[in-house]
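Here is the structure we will look at, set down as structure tokens.
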Amino acid sequence: MTGIEELLLSRIRDVADYPEPGVMFKDITPLLADPAAFTALTDALAEIAANSGATKVVGLEARGFILGAPVAVRAGLGFVPVRKAGKLPGATLSQAYDLEYGSAEIEVHAEDLSADDRILIVDDVLATGGTAEASIELIRRAGAEVAGLAVLMELGFLSGRARLEPALGGAPLEALLVV
């Protein structure tokens with residue numbers, strides 16, 4: 001295990017039976033509260049963004065906003081939020097999908113992405129991959145190219161990577177931690 005992996009893992013708290021019985025929630029708020037850990041995380045994700053050739057970072061609601069915005073700033077890229085349906089004003093594209101505890105719908109401003117854009121999707125956790133898969137579809141429908149997906153943590157036992165690899169079409173999926 002590398003130093004950054006140890007640092008990040010040491011700042012992630014397990015919360016049993018949240019949001020429902022039998023789920024072990026990975027709470028990243030202690031990591032965000034630690035400036036050294038948050039900076040190390042931002043730097044690592046910004047390096048992935050730079051290496052991907054991305055022109056913009058898409059952050060997935062809500063913790064993907066917290067991680068993606070500073071990554072975009074650090075990498076000198078634009079930031080585009082992908083939000084829950086009904087949260088963005090103006091013209092949007094939407095995508096419905098299934099997730100661990102039901103179904104949902106996400107949206108992006110149609111004018112924020114173009115055919116000239118290469119998008120790095122950033123989120124905190126890759127679980128089953130439903131939200132990420134929907135965001136990939138949404139980005140492509142907006143005419144942009146997916147440069148990759150970068151997450152703080154992949155929950156390997158939920159097989160999200162296997163679900164996403166066909167959708168990514170060869171674009172990399174990078175997880176700083178796999179648990």
Spatial distance of atom CD (Q95) from atom CZ (R140) [nearest 0.5 Å]: 11.5 Å
Measuring from L9:CG to K26:NZ, what's the distance to the nearest 0.5 Å? 8.0 Å
Does a side-chain N-to-carboxylate-O contact under 4.0 Å join E107 and R83? no
Tell me if the CD atom of E47 is crowded by more than 12 foreign heavy atoms within 6.0 Å. no
side-chain contact (heavy atoms from CB on, under 4.5 Å) between L152 and L41, worked out: CA-CA 8 Å; L152 163 59; L41 171 59; 3.7 Å; yes
Considering all heavy atoms, the nearest F38-I66 contact: CZ-O, 3.7 Å
Derivation and outcome, salt bridge (charged side-chain N to carboxylate O under 4.0 Å, His left out), residues E105 and K84: CA-CA 6 Å; E105 188 174 1; K84 294 177 183 171; over 6 Å; no
Separation of D27 CG from D14 CG (nearest 0.5 Å): 9.5 Å
In the structure I gave you, are the side-chain heavy atoms of F65 and V122 within less than 4.5 Å of one another anywhere? no
Any side-chain heavy atom of P81 within less than 4.5 Å of one from H109? no
Which atom pair, heavy atoms only, marks the closest approach of P166 to A162? CD-O, 3.3 Å
R163 vs T128, side-chain contact (heavy atoms from CB on, under 4.5 Å): CA-CA, chis, key distance, verdict: CA-CA 8 Å; R163 176 181 184 169; T128 64; 4.0 Å; yes
Of the non-hydrogen atoms in R118 and S52, which two are nearest, and what is the gap between them? NH2-O, 2.5 Å
Would a distance-only check, ignoring hydrogens and angles, find a side-chain to backbone donor-acceptor pair under 3.5 Å from E5 to T2? yes
Between A75 and A46, what is the shortest heavy-atom contact and its length? CB-O, 4.1 Å
Separation of F157 CZ from M24 CE (nearest 0.5 Å): 9.0 Å
Measure the spacing between CG of D124 and CD1 of I28 and express it to the nearest 0.5 Å. 4.5 Å
Would the distance check show the side chain of D34 and the main-chain N or O of A37 forming a donor-acceptor pair, the cut-off being under 3.5 Å? yes
T131 and Y97 side chains, donor-acceptor separation under 3.5 Å: yes
Do V57 and L88 share a hydrophobic cluster (ILVMFWY, side-chain heavy atoms under 4.5 Å, transitive)? no
Over all atoms of both residues, closest heavy-atom pair of A144 and L113: CB-CB, 4.2 Å
Taking the side chain as every heavy atom from C-beta outward, state whether V23 and P19 have any atom pair closer than 4.5 Å. yes
Applying side-chain contact (heavy atoms from CB on, under 4.5 Å), run through I106 and S135 and close with a yes or a no. CA-CA 8 Å; I106 54 174; S135 70; 4.1 Å; yes
Quick one: are T92 and V108 in side-chain contact, heavy atoms under 4.5 Å? no
Any heavy-atom pair between the side chains of I139 and V58 that's under 4.5 Å? yes
In short, I4 meets A44 closest at the heavy-atom pair CD1-CB, 3.7 Å
With side-chain contact (heavy atoms from CB on, under 4.5 Å) as the criterion, how do L149 and L120 come out once you've worked through the C-alpha distance, each side chain's angles and the decisive distance to 0.1 Å? CA-CA 6 Å; L149 170 66; L120 178 69; 5.7 Å; no
Flag yes if V71 and L7 sit in one hydrophobic cluster, no otherwise; membership is Ile, Leu, Val, Met, Phe, Trp, Tyr, and two members link when side-chain heavy atoms are under 4.5 Å apart. no
Would you say V125 and V151 make side-chain contact, with heavy atoms under 4.5 Å? no
To the nearest 0.5 Å, atom CG of L176 lies from atom CG of L45 at 5.0 Å
Exam field: side chain K56 to backbone A72, donor-acceptor pair closer than 3.5 Å: no
Sidechain N-carboxylate O distance under 4.0 Å for R63, D123: no
D116 vs T55 side-chain heavy atoms within contact, under 4.5 Å: no
Side-chain contact test, heavy atoms from C-beta onward, threshold under 4.5 Å: evaluate it for V179 versus E154 and give yes or no. no
